[in-house]
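These figures come from a predicted structure and were not determined experimentally. Chain letters run A, B, ... following the sequence lines, proteins first and then strands; every chain starts at 1.
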Amino acid sequence: MAATDSSSSSPMCNLSILDSLDEILVGEMTDSWNAFCLATDTLLGGDSDLSFASDFVSHVRNLCSRGLEKLIVEHFLCSMEDIFEKNGASRFWKHFDAYSNSAVLDMEKLDQQGEMQDVLHKALEEILSEKQYQEKCLLMLVHALEMCRENNPNEQTYSESERNYLFSKYQLTVSSVLMASLPRHFPDVLHWYFKGRLEELSAMTATGCDYDNKLHVDDGMDLDCKTGEMDIDGTHTILGNNKLVRNIGEVVRDLRSLGFTSIAEDAYASAIFLLLKAKVHELAGDEFRFSVLESIKGWIQAVPLQFLHALLSYLGDSKSYGSPSSGLKSPLASHPSFRYYGTGIPSEGLVRWQLRLEYFAYETLQDLRIAKLFEIIVDYPDSSPAIEDLKQCLEYTGQHSKLVDSFIAALKYRLLTAGASTNDILHQYVSTIKALRTIDPAGVFLEAVGEPIREYLRGRKDTIKCIVTMLTDGAGGNPNGQGSTGDSLLEELNRDEENQENSGLDDDVNTDDKQAWINAQSWEPDPVEADPLKGGRYRRKVDILGMIVGIIGSKDQLVNEYRVMLAEKLLNKSDYDIDSEIRTMELLKIHFGESSMQRCEIMLNDLIDSKRTNANIKTTIKQQLQPVADIGEHELSLDNLNATIISSNFWPPIQDEALNIPGPVEQLLSDYAKRFHEIKTPRKLLWKKNLGTVKLELQFEDRMLQFTVTPLHASIICQFEDQTSWTSKNLAAAVGVPVDVLNRRIYFWINKGILAESVEESGDHKFTLVESLVDSGKSGVNSGSCEELLVGDEDAERSVASVEDQLRKEMTVYEKFITGMLTNFGSMALERIHNTLKMFCIGDPAYDKSLQQLQSFLAGLVAEEKLELRDGMYFLKK
Amino acid sequence: MATVNNTHHQDSNPNTPAAAAPAKQTVPTPKAVDTQSVLKRLQSELMALMMGGDSEISAFPEEDNIFCWKGTITGSKDTVFEGTEYKLSLSFPSDYPYKPPKVKFETACFHPNVDVYGNICLDILQDKWSSAYDVRTILLSIQSLLGEPNISSPLNNQAASLWGNQEEYRKMVEKLYKPSA
């Protein structure tokens with residue numbers, strides 16, 4: 001028993017007091033102390049018998065007068081802690097023992113939730129009553145101490161701060177006791193509790209107060225005003241008076257008074273976030289055609305924020321801070337989002353909450369959209385609202401790199417596979433460009449995303465062809481969309497460009513100081529990920545065509561492929577109608593320049609000239625022949641003939657195939673050619689008889705059929721006019737083509753049921769004309785599929801050498817040159833081969849490849865075992 | 001039907017065989033021969049040779065001089081030179097094709113009409129030259145000379161005398177044959 005520094009007023013140890021103590025005094029003090037201890041125990045024991053109270057007070061007073069005030073307080077607090085630990089805390093935790101297995105909590109049964117709710121309420125009630133009782137005791141002690149002070153004039157009166165100190169110390173004791181014994185599952189219990197309550201609340205708001213989320217999905221445009229008006233007299237009042245909110249508020253308050261402030265906040269915060277996440281998923285889901293961001297924001301205002309508002313104001317935290325500082329306002333909350341909280345000015349806590357919730361919503365939506373970006377882009381432009389949402393989210397969260405990584409992974413997995421057609425890949429590429437252009441006008445992320453696609457497409461052989469088709473064909477190169485005459489990509493691009501240019505023009509016109517200032521203010525830095533080497537954002541304006549050409553490497557290849565396709569198209573025309581081709585050509589000229597399109601232009605001019613010349617020749621021949629008038633004989637007049645006259649130097653190489661055509665037609669052709677020569681001396685016509693189309697009408701005993709076929713097909717069937725049965729060898733000789741070509745082509749007529757094939761004993765095939773349908777019952781069956789067969793057939797029989805053929809031809813020349821030089825020089829290094837080719841391979845085609853291209857070509861020859869590569873020198877493989 | 005307007009561009013049309021195969025017309029010799037036309041002629045000869053697809057003869061200009069070519073011929077089948085390969089050098093005069101090129105064996109060749117320095121005695125390379133000949137015909141002539149020597153005017157008497165004994169001759173060819181690396 002030590003009474004050291006008894007006087008709180010004296011800062012120094014007054015040891016002389018000890019000397020004045022005699023034994024009697026000590027004995028009295030001991031007695032008094034023991035009695036005090038006993039009284040304390042009884043008092044705190046909880047039998048709330050107030051008769052002890054006066055006893056207790058007198059003991060306290062007694063001890064106080066001897067300056068033992070500090071000791072009393074310490075002891076009292078200690079005892080309270082012991083008892084609270086024994087009675088309060090351990091009993092409190094026992095309530096939750098049933099939930100110690102977290103698996104139990106996962107089962108979200110309603111009755112169990114209700115049970116848990118009850119348990120929590122009961123436990124809180126119990127422990128709080130215990131706490132209240134102890135506080136009452138503490139108050140009693142304080143009163144006693146106050147009285148002592150009052151009686152002793154030397155002492156200062158018991159101050160408010162000392163009193164607060166005692167209570168806060170007690171509060172600390174309580175929470176530390178609870179914290180020290182906190183079971184691990186308690187936060188879970190709280191989490192599930194809040195989750196259950198919030199869901200209940202959300203359901204109530206959804207149905208109870210006319211707040212219908214679906215309504216907002218449908219007309220998200222006037223969402224702001226609607227929520228605003230409704231909430232003033234709807235949600236706010238309902239939530240404000242809501243029993244449920246009060247219940248939750250009580251629980252939170254109770255938990256706070258037990259020192260669980262942060263645990264409680266964590267629990268309801270995580271519950272809110274969980275609910276928000278579920279809401280975002282529910283609203284956004286797989287729906288890309290509507291913007292959901294506004295409805296999510298609306299929901300945040302309507303449910304969690306209202307709840308928090310009610311909760312915070314219930315707890316008394318919602319103090320107004322004068323005017324909210326602008327820095328705390330949500331940067332995206334453009335509308336006055338807080339006007340419906342009654343008071344008008346939100347508390348700082350609420351603003352923080354809103355920021356947190358909105359960020360979380362943005363991030364959740366962004367993650368959701370990024371994960372589905374591939375599908376979204378497939379649906380583009382229908383899905384542009386989703387893209388718009390994503391853009392806003394990314395502006396807020398700044399997690400662009402996440403998008404790039406995830407999208408590239410999706411592309412590699414889903415698009416850049418052998419199963420995807422080149423067309424599909426190209427379309428997705430274009431959609432990607434368009435979609436990402438919205439998100440990232442500078443094209444920085446697009447660069448990263450586009451590269452794998454470009455890389456992959458370069459490995460595909462039909463890429464160039466598909467690109468050209470896509471650019472120039474209305475159907476977008478999609479074989480399924482033959483009927484639709486949608487605009488070609490090129491036209492679309494052109495339209496875009498015009499728009500861009502117009503807006504750009506405006507900028508230039510208004511370059512007064514004011515406008516310059518506005519421009520300067522709207523300047524934004526490049527995204528951090530931007531590659532400084534690639535120039536500023538304005539120079540890097542996304543150019544879809546440029547990005548497409550970028551796949552191939554050079555526009556020349558593209559133009560070349562277009563030339564071949566154009567030639568094919570023009571040669572198959574019979575009516576000189578080239579309006580759409582001219583239009584496409586003009587568009588291409590805008591993008592690729594006049595000079596690169598020169599040859600194509602000449603081709604089109606050939607068609608225009610042909611039309612004129614054709615008409616001219618016909619009229620003049622008619623005039624000449626009129627007096628003779630002997631052309632009725634075969635019913636073949638020049639009216640039936642239209643010629644396309646081409647300047648073959650400017651056309652791609654044309655497949656030449658010898659062909660005997662029927663005499664009268666031959667005669668017609670030579671007449672035509674003669675007349676041409678007369679008109680256009682010294683020019684002469686050389687017919688390419690295998691090209692063009694022939695319209696035929698076949699008359700049989702019982703039917704009449706019309707066809708549009710190639711000249712070869714026509715010649716074949718003409719042979720059956722005089723002789724109804726031919727062996728393949730004879731027929732081939734008559735038509736003037738090799739037997740295998742004939743066999744291939746004649747299937748057209750066999751499939752039409754017009755010819756029948758039989759194998760003779762000599763092994764020769766024999767074809768016979770089927771004069772009437774009765775002879776062959778099968779013709780009707782076959783007629784359905786032959787159309788496709790013809791299409792497939794004609795695919796193989798192109799009239800113009802394709803770009804690949806040309807390339808192969810070029811490469812054969814190079815190969816021969818390389819073989820030639822290696823034969824004579826033994827071995828050569830890459831560089832020397834390159835230089836030698838450059839020097840001597842200057843005919844047609846001239847060597848125009850780069851060192852790298854040559855290297856890969858040589859590598860190909862090495863792989864074919866034609867060459868060998870040793871120590872950087874190439875050898876012929878012997 | 002499509003036709004070809006085959007008029008004023010006829011001579012420059014690279015697809016016509018006339019341009020690829022050099023002019024076969026005989027010598028109305030213009031006095032001034034410009035280098036440009038020689039170059040053109042050699043160029044087209046090279047193209048024709050490369051595209052000709054002869055596997056037993058070959059020639060190609062040296063790296064930077066189209067007037068100096070290296071040639072390669074292989075010994076024809078069923079001759080004593082079967083399985084051998086000989087390198088030649090061809091040097092064209094500036095008034096080619098009105099004058100023949102100088103052709104020499106680079107690889108030592110044991111042959112009645114080839115001397116130890118590789119000089120060749122072949123009429124078309126001397127007095128019987130015509131501008132209708134080209135690299136290809138020269139090489140083919142030399143190749144056939146290997147199997148059918150002109151014994152009457154030998155440059156290598158030993159070879160000429162041994163020619164009668166084909167078996168011995170073959171052995172001699174094998175012994176003296178030093179293929180270039």
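- With a 6.0 Å radius and a threshold of 12 heavy atoms from other residues, nucleotides or ligands, A:K816 has its NZ atom above the threshold.
- The structure places CE of B:M47 at 13.0 Å from CZ of A:F840, a figure rounded to the nearest 0.5 Å.
- Scanning all heavy atoms of the two residues, the minimum distance from A:G820 to B:S58 falls at O-OG, 3.6 Å.
- Heavy-atom contacts from other residues, nucleotides or ligands closer than 6.0 Å to CD of A:E864 number more than 12.
- B:E148 CD: 12 or fewer foreign heavy atoms inside a 6.0 Å radius.
- Summarising the local packing, CD of B:Q166 is surrounded by more than 12 heavy atoms from other residues, nucleotides or ligands at distances under 6.0 Å.
- Atom CD of A:E697 has more than 12 neighbouring heavy atoms from other residues, nucleotides or ligands inside a 6.0 Å radius.
- Note that the CE atom of A:M821 and the CG atom of B:L46 stand 8.5 Å from one another [nearest 0.5 Å].
- Considering every non-hydrogen atom in both B:T72 and A:T823, the closest pair reads OG1-O, 3.4 Å.
- Remark: B:I57 CD1 to A:N824 CG distance equals 10.0 Å, nearest 0.5 Å.
- To the nearest 0.5 angstrom, B:M50 atom CE is 11.0 Å from A:I818 atom CD1.
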